[in-house]
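Heads up, the thing below is written out as structure tokens.
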Amino acid sequence: MTTKEIVQQVIDAFDNNDVEKILNLFAEDVIWTMKGSSITIMNGKNEVAQFLGGMEDVKMISSTKEHIIVEGNTVAVDGLVQCRDKNGKDMAMYYADIYELENDKVKKVTSYIVDKKE
């Protein structure tokens, strides 16, 4: 499988709230850094699993991919994601994710997130 195909599987898993598939595509020692109004750093698959488990009540409504750029083992994806929380509140965020792969697993993710202003 190519780097782009692996990241496409990760994106599809996020779009379908498939936490198990996401975790299967991540390396055990993955590092995920989320940057926006605050910075969150997750070290290892266990921390990622805890974070994603806390988002079980958030459902994906739609997501766009404006660009998917591949360079070697690195893929950059940007777009807009729209979600709804358990209370019915809609959220929309612009994102840019940079995935770095090693041995066909996601080793590092850097996410930039900005709330969409109406």
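Just so you know, these numbers come straight off a predicted model, no measurement behind them.
- Scanning all heavy atoms of the two residues, the minimum distance from Tyr95 to Leu80 falls at CE2-N, 3.5 Å.
- Contact annotation: the side chain of Ile22 approaches that of Leu52 to within less than 4.5 Å [non-hydrogen atoms, C-beta and beyond].
- Smallest separation of non-hydrogen atoms from Met93 and Cys83: CE-SG, 4.4 Å.
- Side chain of Asp85 to backbone of Asn87: a donor-acceptor contact under 3.5 angstrom is found.
- Across every non-hydrogen atom of Arg84 and Met91, the tightest pair is C-CE, 4.4 Å.
- Atoms CG and CG, on Leu101 and Asn73 in that order, are 6.0 Å from each other to the nearest 0.5 Å.
- Looking only at distances, a side-chain donor or acceptor of Lys45 sits under 3.5 Å from a matching main-chain atom of Leu23.
- By the rule that hydrophobic residues join a cluster once side-chain heavy atoms approach within less than 4.5 Å of another member, Tyr94 and Ile113 end up as members of separate clusters.
- The side-chain heavy atoms of Glu66 and Thr64, taken from C-beta on, include a pair separated by under 4.5 Å.
- Contact check for Met34 versus Met42: side-chain heavy atoms found under the 4.5 Å cut-off.
- Tracing side-chain contacts under 4.5 Å through hydrophobic residues (I, L, V, M, F, W, Y), one never reaches Tyr112 starting from Tyr99; they form parts of separate clusters.
- Remark: Asp90 CG is packed, more than 12 non-hydrogen atoms of other residues, nucleotides or ligands lying under 6.0 Å away.
- Here the closest heavy-atom approach between residue Asp104 and residue Met1 is recorded as OD1-O, 4.2 Å.
- A ring pair (Phe, Tyr, Trp, His ring centres under 6.0 Å) check over residues 6-33, counting only residues at least two apart or in different chains, returns the pairs Phe14-Trp32, Trp32-Phe51.
- Atom-to-atom distance recorded for Ile31:CD1 and Lys108:NZ is 7.0 Å, nearest 0.5 angstrom.
- With a 4.5 Å cut-off on side-chain heavy atoms, Ile39 and Thr33 count as touching.
- Salt bridge annotation for Lys107-Glu100: absent, with no cationic side-chain nitrogen under 4.0 angstrom from a carboxylate oxygen.
- Within the model, atoms CD1 of Ile98 and OG1 of Thr74 stand 8.5 Å from one another, a figure rounded to the nearest 0.5 Å.
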key: Step-by-step side chain to side chain contact (heavy atoms under 4.5 Å, CB included) determination, Ile6 to Thr2   = CA-CA 6 Å; Ile6 293 167; Thr2 68; over 6 Å; no
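- In summary, Asp78 and Lys65 do not engage in a salt bridge, as defined by a charged side-chain N under 4.0 Å from a carboxylate O.
- Between Ile68 and Val75 there is a side-chain heavy-atom pair separated by less than 4.5 Å.
- The distance from the CD atom of Glu71 to the OG1 atom of Thr3 is 10.5 Å, given to the nearest 0.5 Å.
- Two different hydrophobic clusters hold Val19 and Ile61 under the rule that ILVMFWY side chains link at heavy-atom gaps under 4.5 Å.
- Shown here is Glu5, whose CD atom has more than 12 heavy atoms of other residues, nucleotides or ligands within 6.0 Å.
- The two residues Lys21 and Asp18 come nearest to each other via the heavy atoms N-OD1, 3.1 Å.
- A pairwise comparison of heavy atoms in Lys4 and Val70 identifies CB-CG2, 3.7 Å as the closest pair.
- Residue-environment remark: CG (Asp12) exceeds the threshold of 12 foreign heavy atoms within 6.0 Å.
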